[in-house]
Each structure stands twice: as C-alpha cells, then as structure tokens.
Amino acid sequence: MRTHETRRDFASDNCAAAHPKVLAALEAVDGGHLPSYGADLYTSLLEERVRELFGRHARTFPVFNGTGANILGLQAVTPRWSAVVCADAAHLHTDECGAPEYAGFKLLTVPTADGRLDPDDLADLARDARNRHRAQPGVLSLTQSTELGTCYRPAELAVLTEEAHRHGWKVHVDGARLANAAARLGVGLAEAAAGADVISLGVTKNGGMIGEAVVVLDPDADGVGFLQKAGTQLPSKTRYVSAQLLALLDGDLWRANATQANSMADRLAAGLRGAPGVRVVHPVEANAVFASLPAGVAEQLRATYSFSDWGPGTVRLMTAWDTRAEDVDGLLAAVRALMPGDVHDPTARAVQEASSPESVGFLA
Ligand SMILES: Cc1ncc(COP(=O)(O)O)c(C=O)c1O
C-alpha cells in the first residue's frame, strides 16, 4: 500500500521524489528504439545545452550516480598516482566507501570549520612537489555547496582555483548540489563552479530520479569515454539519464527546485534559532541545516521524523525541492513540543543569538 505520497522527511534530498517534469520528460523519450550508449538524440541535445551553459568546449558524460561521477571526473583530469586535495568533510572522503582509493587516488584531507577550504591550506601540500616518495597532489576537489551546507562565493572560488592551477593541479567540483549553490549565490551553474576543469553535475538531489553527469571542461582530458565504460558508469539507455538533465536544465527548473529547497532550509533555520536551547551550527547557505538540540530531543523527534546524526549532539536536517512550508512548520512545532523545561531560559537564548550564523551576514 502506498502511504508515502504526502510524507516529507528531513533525512536527505535523496529521499525526495522525482519532479513531475522529470517524469514527464522520461515518458516523452520513452518508446521505440534509439541508439544506445549516448549516441541518441536526447544525449546530443543535452550536450548542446551543456555547451550553452558551460562553454563551447564542455563535454558531457551522463552517469549513474554521484560517486561514479566523482571518480570518473577525477580520473578524467589526473593520472592514477595523483593525490586529491579535499576538505575532511568531503563526501569523497567520508561517504564513498573509499571509492577514490579503490580507483587508486590518495586523498589529502584538510580540516575545515564549515566545509570550505581556504587558499592558505594549499601551500603546505604543494611543498613536496616532485618528491617521488610523496603522493603528488594533482587535483583540488571542492564541493559546491559543501557537505556542511555552506557555499564558496565566486571570489573565493577564483582565489582557490587560481592557487590550485598555479601549483599545476586540476580542479574538480563535486556539484551534487551545485544548483543549490548557484541559486543561493544568484549566479548560473557555470559561475558557481568557475575555475573548474571538471564538474560532477548533480541531478538526483535536484529533482531527478537517477543519474548525474560529468562535465569535462579541461580540453586536454583524454579518453574520458573509455574511462567511463571501464569504470562501469556508461548507461546503455543513456537517453533516460539525458532526458532528466534536459528537463532540469530547460527553463531553469534546476533553479526553481534549488530555490525552494534553500528557502525551506532558511525557514527551518529561522524557526530553530527561535527555539530556546537550539543552536544552528553552520551558516545555512544551501539546503542543509545543522543544529544542536537539547539532550534527548533528537531521540524523541526520531519517532516522527527522519534525519541524520552529525557528530555528538548535532543533527543534519535537509530540505528538498518538494519540501513545503507546512512540513517545516510541523517539524518546528514537534521540536518545540519536545523542549525540556530547563531550556526555556534567557541565557541559552542569548548564547544562541550570539553564535547565530545570521550574525555572520554571509550572502545577500
Ligand atoms: C556532495 C555529494 N557528493 C556525491 C554524492 C554521491 O552521490 P551518490 O550517492 O549518488 O553516489 C553525494 C550523495 O549524497 C553527495 O552529497
């Protein structure tokens, strides 16, 4: 029996349904026989659309999933003995079951406060260049938006990517949520990943059903199609992945979906900041809210809602393209109802307000 149609959770944007326009696009490309392995009309149309958005030299490789996109993207721009510089919070490092290492890459992780790398982090890693005993950084991998729900501003991207290129490294952008960053920053997808040589372009978290794409901007990247096949990321019925991307990229559905998800995260964060004893831990710049809740609240809340634990006392609440205001308000009401009496205390409130990311004044 179907009981999930109206359910909205906060565990992940992966839990959301596919957007109706994506489903309609899948239906529209269905029927009849078409060439396989990316030789179909819809993949050609997608390639053209991506060139319009990312530049004439952009090459598109529709793949099955985000982990595969990341690995193919890295393989496309750097040899196997290279190391990949990334934040310690990077999905590559924390949540891909060692797939980069499985593919032969060593990850050089850098601790960050909010998921964003700083240009100063890179200099030390570049010091041992040409020392054959050291893994040689070959790629800087940035996640946009980051795993901690923050965004790199265009000016920050410019400095980081210039620095990486100065060291002779390529730049990979894990853009599983590039749409959320672009929507928040008020820029296009290309600008939100400016300076990248290769992008893992997110689909699933943005209202797609299944699949992502690797967008290769580096004109020297060679043999990507072979790597895609050898790495098991070449869908035979590529038209169905391409159709989803076309639906999202046509008419800026990607932006509408991401904007909705982001604004629901804002609503959630604002409501949580108003709840005594709750602290919003990182700036809310995309569709994730990290919050520390008074002891016991998360455990009880779990009876009604799904969400992720993110370190001691901290939870991650994610919104998606289909999160509605009433879903957020329902969760906020549930949190408030679970508040223990002793947190209705003005000191807790003052601490919360002082540490509120709103006071950082990040994005207009
Ligand atoms: C930032 C980021 N990159 C990559 C991925 C990997 O995507 P997939 O689970 O489709 O392999 C995820 C998935 O949650 C992600 O959040």
Side-chain angles (χ1 to χ4, degrees), residues 9-18 22 61-76 84-103 105 107 109 112 114-117 139-152 171-184 189 192-193 196 198-215 228 231-235 240-241 244-245 248 254 257-258 261-262 265 282 285-290 306-310 316-321:
D9 256 317
F10 295 85
S12 172
D13 38 14
N14 280 322
C15 299
V22 168
F61 300 86
V63 296
F64 290 111
N65 57 34
T67 301
N70 283 344
I71 302 309
L72 178 61
L74 294 173
Q75 288 174 328
V84 178
V85 176
C86 62
D88 58 356
H91 196 271
L92 268 181
H93 176 52
T94 58
D95 281 309
E96 296 188 359
C97 192
E101 288 90 347
Y102 196 72
F105 296 113
L107 297 183
T109 59
T112 70
D114 66 4
R116 287 184 297 169
L117 289 164
V139 191
L140 170 67
S141 180
L142 306 171
T143 312
Q144 177 80 311
S145 57
T146 74
E147 291 77 2
L148 299 183
T150 52
C151 293
Y152 292 97
V171 177
H172 164 248
V173 168
D174 178 348
R177 298 187 184 86
L178 190 64
N180 299 88
R184 176 69 73 177
L189 290 166
V198 62
I199 302 166
S200 302
L201 181 61
V203 173
T204 317
K205 296 167 177 60
N206 187 225
M209 180 196 274
I210 188 166
E212 313 273 299
V214 176
V215 175
Q228 182 182 20
T232 75
Q233 283 292 323
L234 178 60
Y240 293 96
V241 182
Q244 296 172 67
L245 275 145
L248 289 167
W254 66 267
N257 284 355
N262 290 351
H282 299 298
E285 297 167 1
N287 63 327
V289 178
F290 293 82
S306 299
F307 50 88
S308 307
D309 289 315
W310 220 266
R316 184 191 74 172
L317 300 157
M318 290 209 82
T319 54
W321 70 269

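Values below: all heavy atoms of this structure, side chains included; hydrogens, waters and symmetry mates excluded. Whatever order the structure lists ligands and atoms in, that order sets their numbers, starting from 1.
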| request: Consider ligand 1: state whether an atom of it lies below 4.0 angstrom from any non-hydrogen atom of Asn70. | output: yes
| To the nearest 0.1 Å, how far is atom 15 (C) of ligand 1 from its closest protein heavy atom, and which atom is that? | His91 CD2, 3.2 Å
| Closest non-hydrogen protein atom to atom 13 (C) of ligand 1, residue and atom name please, with distance? | Lys205 NZ, 2.9 Å
| request: Answer yes or no: does an N/O atom from Arg177 fall short of 3.5 Å to an N/O atom of ligand 1? | output: yes
| message | Nearest 0.5 Å, please: how far is CG in Leu189 from CG in Leu178? | response | 5.0 Å
| task | State, to 0.1 Å, how close Ala288 and Met318 come at their nearest heavy-atom pair, and which atoms those are. | result | CB-CE, 3.9 Å
| message | Once ring-ring contact (aromatic ring centres under 6.0 Å, His included) is applied, do any residues pair with Phe105, and if so which ones, sequence neighbours excluded? | response | none
| request: For residues Pro235 and Gln228, determine if any side-chain heavy atom of one lies less than 4.5 Å from a side-chain heavy atom of the other. | output: yes
| query | Which atoms of ligand 1 have any heavy atom of Asn65 under 4.0 Å away? | reply | 10 (O), 11 (O)
| field | Donor on one side chain, acceptor on other, Asn257 and Asn206, under 3.5 Å | value | no
| query | Are any of the side-chain heavy atoms of Asn65 and Thr204 separated by less than 4.5 Å? | reply | no
| message | Quick check on contacts: which atoms of ligand 1 are under 4.0 angstrom from a heavy atom of Thr143? | response | 1 (C)
| query | Numbering the atoms of ligand 1 from 1, which are under 4.0 Å from a heavy atom of Ala176? | reply | 1 (C), 2 (C), 3 (N), 15 (C)
| Heavy-atom side-chain contact between Arg316 and Ser12 under 4.5 Å | yes
| said: Are Gln233 and Gln75 packed together at the side-chain level, in the sense that at least one heavy-atom pair is separated by less than 4.5 angstrom? | reply: no
| Glu212 to ligand 1, any heavy atom closer than 4.0 Å | no
| In terms of atom number and element, which parts of ligand 1 are under 4.0 angstrom from non-hydrogen atoms of Asn14? | 14 (O)
| said: As a check for students: among Thr94, Thr67, Asp13, Val63, identify the option with a heavy atom nearest to atom 11 (O) of ligand 1. | reply: Thr67
| query | Is it the side chain (CB and beyond), the backbone, both or neither of Asp174 that lies under 4.0 Å from ligand 1, heavy atoms counted? | reply | side chain
| query | Asn70 versus Glu96: any side-chain heavy-atom pair under 4.5 Å? | reply | yes
| message | In the structure I gave you, are the side-chain heavy atoms of Val198 and Val214 within less than 4.5 Å of one another anywhere? | response | yes
| Hey, is Leu92 touching ligand 1 through its side chain, its backbone, both or neither, going by heavy atoms under 4.0 Å? | neither
| Any N/O of Gly68 closer than 3.5 Å to an N/O of ligand 1? | no
| At a 4.0 Å threshold, what atoms of ligand 1 neighbour a non-hydrogen atom of Gly66? | 6 (C), 7 (O), 8 (P), 10 (O), 11 (O)
| Counting each atom of ligand 1 from 1 as listed, which ones have a heavy atom of Glu147 under 4.0 Å away? | 1 (C)
